[in-house]
Amino acid sequence: MNRGKTEPKRGSSRPEAGGGSVQGRVIAEMRRRIIKGDIEPGAPLSELALAEEFGVSRTPVREALKQLQTEGLVEIRPRVGTFVTTPSRREITELFEMKELIEGAAARLLALRGRVPEIDMLERNLREADAAVARDDRERYAELVQEFHDLLITGADNSKLEAHYRILMNQLAYSRLVNTSLSQPGRPLQSDREHHRVLELILEKDGDSAEQVMREHVRASRRALLAGLPLGGSNERSGTAGS
């Protein structure tokens with residue numbers, strides 16, 4: 001069964017490092033679906049059904065799921081099945097603590113670079129964000145939030161920082177969490193104001209203050225997110241949800 005080599009269906013056909021074209025295609029498409037929230041947290045994943053959908057044997061699907069498990073996106077339970085990971089409140093808190101550190105550092109590094117192309121893109125992003133907030137378009141604003149943070153990371157011009165950030169964001173499946181955060185009353189407007197302040201400090205080349213304000217922004221996002229999630233979870237760390 002090698003139809004996947006001649007009849008690719010959905011997803012990117014670009015090979016992934018060490019994965020080969022067929023396996024890489026499955027990994028890329030499954031990763032995209034999970035991160036975007038097309039597949040709900042906790043949903044079961046069938047090797048057979050995925051193999052039929054992608055037109056490949058079960059072997060590349062099985063190896064793809066193993067890779068996604070190492071990235072924290074799926075959980076393989078022996079003799080039970082494979083499921084999309086449902087992060088606990090504690091895990092979300094810990095991941096956001098890392099997000100805070102990385103994005104704070106990115107803001108500081110970008111402030112030291114001067115007028116680079118990412119600055120122009122951030123200014124355009126904020127103009128569009130202002131308009132989205134004004135018309136209460138939360139879907140568009142959520143997209144612009146992700147773009148803002150991505151531009152901050154790429155603008156830092158540090159490949160190691162960016163690589164760690166991409167892994168972290170995959171584990172967070174941020175696309176499906178940002179909407180929960182923005183659902184809190186007043187959060188979109190406050191988030192937009194915080195983004196403006198970060199960029200102001202970057203333009204002033206005040207790296208230390210840009211880092212501090214960016215970290216405060218990530219903490220505020222985490223509080224809004226946790227406020228919108230169901231309570232409970234035996235592994236929630238005491239004192240962090242409302243910090």
Side-chain angles (χ1 to χ4, degrees), residues 35 72 87 91-134 138 140-184 186-228 240-243:
I35 292 172
E91 288 169 331
I92 289 172
T93 294
E94 291 177 346
L95 288 167
F96 261 81
E97 286 171 346
M98 295 305 300
K99 186 174 186 288
E100 175 188 331
L101 291 172
I102 293 173
E103 292 188 352
R108 178 173 54 80
L109 291 171
L110 178 54
L112 301 177
R113 294 190 66 207
R115 189 79 193 194
V116 294
E118 287 82 2
I119 297 294
D120 294 328
M121 290 185 279
L122 283 167
E123 289 178 333
R124 184 175 66 248
N125 171 280
L126 288 181
R127 288 194 296 270
E128 293 186 30
D130 291 345
V133 170
R138 292 188 183 180
R140 178 56 181 153
Y141 183 65
E143 295 172 350
L144 290 164
V145 166
Q146 293 182 73
E147 181 183 88
F148 181 92
H149 289 253
D150 282 342
L151 287 170
L152 194 73
I153 294 298
T154 56
D157 194 30
N158 184 307
S159 61
K160 300 300 182 184
L161 179 146
E162 183 171 359
H164 285 292
Y165 181 78
R166 299 304 172 200
I167 294 172
L168 175 69
M169 295 304 283
N170 283 352
Q171 291 180 349
L172 266 174
Y174 188 65
S175 295
R176 70 190 188 199
L177 295 180
V178 67
N179 288 316
T180 301
S181 174
L182 295 175
S183 69
Q184 298 303 298
R187 182 57 195 157
L189 178 59
Q190 186 61 36
S191 168
D192 190 41
R193 289 173 176 169
E194 290 163 3
H195 283 180
H196 274 280
R197 183 56 181 152
V198 169
L199 184 56
E200 287 172 5
L201 292 167
I202 289 172
L203 290 170
E204 293 170 7
K205 299 184 179 181
D206 186 347
D208 290 341
S209 296
E211 177 174 11
Q212 178 182 347
V213 172
M214 189 63 205
R215 292 185 63 168
E216 291 171 354
H217 167 64
V218 176
R219 288 197 294 271
S221 297
R222 186 187 74 190
R223 289 194 295 270
L225 169 62
L226 292 177
T240 56
S243 63

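Gly114 and Ile119 get closest at one heavy-atom pair: O-CG1, 3.8 Å. Nearest heavy-atom pair across Ala107 and Met214 is CB-CB, 3.9 Å. Here the shortest heavy-atom pairing between Ala111 and Gly207 reads CB-CA, 3.7 Å. Arg138 and Leu182 make their closest contact through NH1-O, 3.5 Å (heavy atoms, listed as atom of the first residue, atom of the second, distance). Nearest heavy atom pair, residue Ile202 against residue Ala210, reads CG1-CB, 4.0 Å. Glu194 and Ala220 make their closest contact through OE2-CB, 3.9 Å (heavy atoms, listed as atom of the first residue, atom of the second, distance).
In summary, the side chains of Ser221 and Arg187 do present a donor paired with an acceptor at a separation below 3.5 Å, with no hydrogens or angles considered.
A donor-acceptor distance shorter than 3.5 angstrom exists from the side chain of Thr154 to the backbone of Asp150, with no hydrogens or angles considered. One N or O on the side chain of Asn125 and one on the backbone of Leu144 form a donor-acceptor pair closer than 3.5 Å. No donor-acceptor distance shorter than 3.5 angstrom exists from the side chain of Arg219 to the backbone of Glu100, with no hydrogens or angles considered.
Between atom CD of residue Glu94 and atom CD of residue Glu91 there is a gap of 7.5 Å, rounded to the nearest 0.5 Å.
Heavy-atom neighbours of Met98 CE from other residues, nucleotides or ligands within 6.0 Å: at or below the threshold of 12.
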Legend entry - Verdict with reasoning, Leu225 to Gln184, per side-chain contact (heavy atoms from CB on, under 4.5 Å): CA-CA 8 Å; Leu225 169 62; Gln184 298 303 298; over 6 Å; no
Inset, instruction - Test side-chain contact (heavy atoms from CB on, under 4.5 Å) on Leu151 and Leu110 and set out the steps. - result: CA-CA 10 Å; Leu151 287 170; Leu110 178 54; over 6 Å; no
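Ring pair His149/His195 is perpendicular by interplanar angle, where above 60° counts as perpendicular and below 30° as parallel.
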